[in-house]
Structure formats: C-alpha cells, structure tokens
Amino acid sequence: MARRNLVGSRGLITGASSGIGKALAEELIRRRCRMIVAGRRTERLNELKKLGEDFGAEIIPFVGDLADPDARMQLAATARETLVALDFLINNAGMGALGRFEDMPPERLREVMELNFFGPVELTYEVLPLLKEGNRPIIVNVSSILGHRGIPWRSYYCASKFALQGFSESIRAEMSRHGIDVLVVSPGRTRTELFQGPLERGTEPAWPEPKPVSPQYVAQKTVQAMLRGKAEIVPHVWGAGMVLLSRFFPRLMDRILRRYA
Ligand SMILES: NC(=O)c1ccc[n+]([C@@H]2O[C@H](COP(=O)([O-])OP(=O)(O)OC[C@H]3O[C@@H](n4cnc5c(N)ncnc54)[C@H](OP(=O)(O)O)[C@@H]3O)[C@@H](O)[C@H]2O)c1
C-alpha cells in the first residue's frame, strides 16, 4: 500500500537544474507539487517554472551556491516564507572529484564535503521544523553506490557519500519519532552532467564501465520509493551487484580494485 500520495505536496529539491535533480523536479511537476527548485543556473530553473505553469504546479526558483552556508540559510528562509511546511526535502545537489589521493589538494576535500555533506546536513537541520509540520514528510538524500564502497581515484567523493550515508542511517531512527521517513538513493552510473564538471575531467583508469542509466529512470525509481516509504534504493542493476559483491566478498573486491589503482 502507498505510504504517501505526492499529488499537490510541498517540497524543496536541490540541484534541480540538471541531471537527476531536474528529472526528479519534472516527475514532481507532473504531480502538481508546490516546489522550491535550487541551483546556480537561473535560466534552467526558470525553465522548470515555465513547465510548472503548464501542469498547474507552483515552482519557486532559488538561485544560490549551496557550498556557501549563508546561501543554505537563505534557502531555508525562503522555504519558511513561501511554503510554511514541507512534505519532502530532496538533498540532491552534488559534485564529483576525480584523482589519486596523493595528487589531490586537501582544499578540494573541503569543497566536496561542503556541497555533498555539510549542505544536506545543515539544510535538513534548518528545515526540520517545516518537515515536522508536513503531511507524511520524507527526507530524500541522494548518495551513490560509492557511498557503499570506496574505489580508487574517487577518495574525496566516496568519503563525502559515506558520510551522508552514515548521517542518513542515524537520523532515520530519530526521525521515526516525528513520522518523517528518510530515503537514501544510491545511483550507479547515470547519464548526467556530473562527469563533465571541471573536477571530473582527467585521465582515469580504463574501468569496465557499466552502461549508464538515464536520469529519468533514477527519478522514476526515486518517486516510486518515496510513495512506498522505502528506506534505500540502488537504481542500477550493475551498481546493486557491486554493492552486494563488496558487502559479502570485500577482499575479492579489494583485489579487483587494486588493478585500477
Ligand atoms: N551521475 C551519476 O552517475 C551519479 C551516480 C551516483 C550519484 N550521483 C549523485 O546524484 C546527484 C545529482 O548529480 P547528477 O548526476 O544529476 O549531476 P549534475 O547533472 O551535474 O547535477 C548536479 C546538480 O547539482 C547542482 N550543483 C552543483 N554544484 C552546486 C553548488 N555549488 N550549489 C548549488 N547547486 C549545485 C547543479 O546545479 P548548478 O550547476 O545550476 O548549480 C546541478 O543541478 C549528486 O549528488 C551526485 O553525487 C550521480
């Protein structure tokens, strides 16, 4: 049985200007949600606003750099002023970071953690009172299969997603007192702009690359999981295989990964 009906619900989604976040925003617009969509690219967010008008969904663009704590506070203030209560919060904005640990400047770790970890944690803290006032509220944290298994050339990214994973598991138990669900989405390789970012370009080992799935596929699976009140999904068959392999045969996984270090 469905745990919630998202039609007409109020929410906030970060990283809505491209990739998984955009596809999620489009799915939710079709359900006529009232939503704040956050990102740095104004034009992309305005396109969502226009799409919202076609479907009768009120879309409120918020332009800001969520690696900046002040912007996160402003985003939470916007939610308080415009939506008053939240039925869902989707922490999706994120960045990659490619490179061997020994070649990565430590400042890069701070950048990655600021957006991928402190961003979701602080935003969740700030809007928690609004979620408590929501209707069958849910927090959705977009992590990664690399939040389950560390791989070479992605140490900072993996660290940020492991941190998000641990945080989500901890608060899931605490939030149940308030009737707030916590869903962790762990995508595998997905066809988005993430790998085109300046921090993702470079020479990397010749991995056996799994076929990427579309952001629309990840968004559909995420919305289904929100409706059913699931705790965790891995919307990628190959990715789910990797998570299971590393859980049950961690030493074998170590041996395989050493080849690509
Ligand atoms: N693609 C994959 O294979 C994959 C796999 C596992 C997990 N993920 C996770 O999925 C999430 C979404 O990524 P994606 O793949 O859809 O990549 P994407 O297309 O690059 O989208 C990233 C989103 O985050 C926003 N963003 C980036 N830096 C920001 C900043 N400083 N302040 C505010 N917003 C910022 C971007 O908007 P602006 O540029 O407009 O700010 C964009 O909307 C991330 O958390 C990522 O780690 C992706």
Side-chain angles (χ1 to χ4, degrees), residues 11-29 33 35-49 59-79 83 86 88-98 108-128 130-131 138-147 154 156-165 167-168 182-187 190-200 215-216 218-219 222-223 226 235:
L12 190 171
I13 172 163
T14 67
S17 54
S18 67
I20 294 168
K22 177 171 181 272
L24 267 168
E26 288 167 352
E27 277 287 321
L28 293 162
I29 283 173
C33 292
M35 234 177 353
I36 300 177
V37 291
R40 291 166 302 179
R41 286 170 286 181
T42 315
E43 222 168 85
R44 298 269 192 110
L45 299 176
N46 284 338
E47 282 167 18
L48 287 173
K49 187 175 161 65
I59 298 302
I60 304 151
F62 176 91
V63 180
D65 180 352
L66 294 181
D68 174 359
D70 289 343
R72 300 197 282 260
M73 296 302 137
Q74 280 166 25
L75 175 55
T78 304
L83 299 179
L86 281 177
F88 63 84
L89 163 67
I90 304 181
N91 287 308
N92 164 76
M95 67 192 282
L98 175 74
R108 177 80 49 85
L109 177 61
R110 290 207 152 67
E111 280 175 51
V112 173
M113 291 301 278
E114 204 57 70
L115 184 67
N116 293 6
F117 180 64
F118 293 118
V121 172
E122 289 176 8
L123 187 59
T124 302
Y125 184 85
E126 286 300 316
V127 301
L128 199 49
L130 307 190
L131 285 161
I138 182 167
I139 299 166
V140 180
N141 287 336
V142 179
S143 176
S144 166
I145 55 168
L146 301 186
R154 290 279 191 296
Y156 288 178
Y157 181 77
C158 291
S160 71
K161 295 298 185 179
F162 266 70
L164 185 62
Q165 190 83 21
F167 166 71
S168 306
V182 177
L183 165 66
V184 176
V185 178
S186 298
T190 309
R191 218 175 299 115
T192 69
E193 294 173 22
L194 191 75
F195 300 101
Q196 295 158 22
L199 301 180
E200 275 293 319
Q216 288 74 21
V218 176
T222 302
V223 169
M226 290 169 75

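Remember, predicted model here, so these are calculated numbers, not experimental data.
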Non-hydrogen side-chain atoms of [X] and [Y] separated by less than 4.5 Å:
X      : Y      : answer
Phe88  : Val140 : no
Arg72  : Glu126 : no
Pro187 : Ile20  : yes
Asn46  : Pro61  : yes
Leu164 : Pro120 : yes

Gap separating the [atom1] atom of [X] from the [atom2] atom of [Y], nearest 0.5 angstrom:
X      : Y      : atom1 : atom2 : value
Asn141 : Leu89  : CG    : CG    : 7.0 Å
Phe62  : Leu75  : CZ    : CG    : 5.0 Å
Leu86  : Leu128 : CG    : CG    : 10.0 Å
Ile90  : Leu123 : CD1   : CG    : 12.0 Å
Ile13  : Asn92  : CD1   : CG    : 5.5 Å
Ser144 : Lys161 : OG    : NZ    : 6.5 Å

Under a 3.5 Å distance rule, please check whether Asp65 uses its side chain to pair with a backbone N or O of Ala67 as donor and acceptor.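 Yes, because the side chain of Asp65 sits within donor-acceptor range (under 3.5 Å) of the backbone of Ala67.
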Would the distance check show the side chain of Thr192 and the main-chain N or O of Leu194 forming a donor-acceptor pair, the cut-off being under 3.5 Å?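 Yes; judged by distance alone, with no hydrogens or angles, the pair exists.
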Per the side-chain contact (heavy atoms from CB on, under 4.5 Å) rule, which among Leu83, Leu12, Ile60, Ile29 passes with Met35?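 Only one option passes, and that is Ile29.
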With side-chain contact (heavy atoms from CB on, under 4.5 Å) as the test, would you mind laying out the steps for Tyr156 and Met113 before giving the verdict? CA-CA 8 Å; Tyr156 288 178; Met113 291 301 278; over 6 Å; no
With side-chain contact (heavy atoms from CB on, under 4.5 Å) as the test, would you mind laying out the steps for Val121 and Tyr125 before giving the verdict? CA-CA 6 Å; Val121 172; Tyr125 184 85; 5.7 Å; no
What are the two closest heavy atoms between Val184 and Ser143, and how far apart are they?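 Heavy atoms only, the tightest pair is CG1-CB, 3.8 Å.
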For a quick test of reading the model, state the closest non-hydrogen atom pair linking Leu66 to Ala38 and the distance between them.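 Shortest heavy-atom contact: CD1-CB, 4.3 Å.
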Working note: Val63 + Arg41, criterion side-chain contact (heavy atoms from CB on, under 4.5 Å); need CA distance, chi angles, decisive distance, verdict. CA-CA 7 Å; Val63 180; Arg41 286 170 286 181; over 6 Å; no
Decide, yes or no, whether a salt bridge links Lys22 with Glu26 under the criterion of side-chain N to carboxylate O below 4.0 Å.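 Glu26 and Lys22: salt-bridged.
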Audit row: Met95, Glu114, side-chain contact (heavy atoms from CB on, under 4.5 Å) steps and yes/no: CA-CA 10 Å; Met95 67 192 282; Glu114 204 57 70; over 6 Å; no
Is there a side-chain hydrogen bond (donor to acceptor under 3.5 Å, both in side chains) between Asn91 and Thr14 once you walk through the steps? CA-CA 6 Å; Asn91 287 308; Thr14 67; 4.7 Å; no
From CA spacing to verdict: salt bridge (charged side-chain N to carboxylate O under 4.0 Å, His left out), Arg44, Glu193: CA-CA 13 Å; Arg44 298 269 192 110; Glu193 294 173 22; 3.0 Å; yes
